[in-house]
Participant: 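My questions will all concern the structure given below.
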Amino acid sequence: MARKLRREEDKTIGLVPTMGALHEGHLSLVREARRMCDVVVVSVFVNPAQFGPGEDFARYPRDLTNDTTKLSDYNVDYIFAPPVEEIYPKGFSTYVSVDGLSEPLEGAARPGHFRGVATVLTVLFNSIRPDFAFFGQKDAQQTLVVRRLVRDLAFDIEVVVLPTVREQSGLALSSRNAYLSAEDRRAAAVLYRALSQAREVYMEGERSPKRLAETVRAQIESEPRARLEYVGVADAETMEKLDRVHEDRPVLIALAAHFGGTRLIDNIILQPARPKSRATGRLASPGEG
Ligand code: PAF
């Protein structure tokens with residue numbers, strides 16, 4: 001496929017950037033892109049620049065035939081699956097860093113990760129020139145980094161973020177779930193249980209980030225197959241670390257944990273309760289991002 005999509009005037013282009021191994025989470029983005037846009041492009045590219053040394057770049061699941069079959073039900077216009085040299089030609093030496101937002105939590109755990117994400121998205125955005133780009137809330141920090149990238153580099157793109165898709169157990173869908181043994185897959189449901197428990201505690205009035213994080217930690221530590229790497233509580237829009245959860249701002253609780261050799265991430269966003277409705281006198285409940 002040509003590096004640059006020739007634009008047909010008046011047609012909106014929606015890009016769903018993926019690393020393949022497509023699951024229902026990706027497909028929910030594709031469905032929304034199909035609903036919103038005239039032309040839908042799904043990119044499938046396992047981006048070496050966002051993996052650190054010793055991470056799973058080499059074994060990341062790759063099955064373009066299977067991905068193409070899955071996409072055949074969605075009337076996608078283009079699948080863009082470039083070889084590495086097309087994105088990173090010989091001598092490639094320009095990288096994009098989104099300072100600040102990229103630094104805590106996932107950025108601290110995976111140095112250089114968001115630089116790789118911002119760089120590949122810059123290349124994809126410039127190559128495909130989408131009007132809309134679709135991302136999942138499961139990568140909460142990534143969505144903030146992407147929004148900032150788009151704003152700061154003046155891309156004329158609307159970033160659309162859709163809710164995390166979960167298995168019935170609560171486990172967030174992820175291409176990396178394919179690595180899990182049956183036992184670990186069952187055990188990994190603890191992540192969402194832990195986040196949900198923190199949400200309950202928050203709804204009961206807890207506003208200490210430390211105690212919210214402890215709630216998550218205690219749940220996860222009760223699962224012997226889980227090894228928690230981090231749990232962080234931050235402002236859901238700025239990623240600032242909080243001393244106290246503000247009543248009027250959404251808060252992100254994000255975590256990474258290992259099950260055997262598999263590293264998973266998950267998060268929830270706690271929305272501040274809206275003020276009492278005069279009509280009902282009831283409090284609106286905080287939702288999940
Ligand atoms: O979320 C992902 O799958 C990747 O980080 C992305 C956005 C496709 C960039 O490689």
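Order of listing sets the numbers, starting from 1, for every ligand and every atom in it.
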Participant: State whether the number of non-hydrogen atoms from other residues, nucleotides or ligands found under 6.0 Å of Asp73 atom CG is greater than 12.
Facilitator: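 Yes, because the 6.0 Å sphere around CG of Asp73 holds more than 12 heavy atoms from other groups.
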Participant: Tell me the closest heavy-atom pair linking Lys138 and Ile265, and the distance in Å.
Facilitator: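 Answer, listing the atom of Lys138 first, then Ile265: CE-O, 3.5 Å.
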Participant: Relative to Phe57, does Arg62 satisfy both conditions: NZ or CZ under 6.0 angstrom from the six-membered ring centre, and within 45 degrees of the ring's axis?
Facilitator: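 Flagged: Arg62 positioned over aromatic ring of Phe57.
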Participant: At a 4.0 angstrom heavy-atom cut-off, what protein residues surround ligand 1?
Facilitator: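 Shell around ligand 1 (4.0 Å, heavy atoms): Pro17, Thr18, Met19, Asn47, Gln50, Val117, Val120, Phe135, Asp139, Gln142.
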Participant: Does Asp184 form a side chain to side chain donor-acceptor pair (under 3.5 Å) with Tyr179? I'd like the steps, not just the answer.
Facilitator: CA-CA 9 Å; Asp184 283 338; Tyr179 303 146; over 6 Å; no
Participant: Quick one: sort the Tyr95 and Tyr88 rings into parallel, tilted or perpendicular, breaks at 30° and 60°.
Facilitator: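 Correct class here is parallel.
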Participant: Tell me whether the guanidinium CZ or amine NZ of Arg166 lies under 6.0 angstrom from the six-membered ring centre of Tyr192 and within 45° of its axis.
Facilitator: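 Yes, Arg166 and Tyr192 form such a contact.
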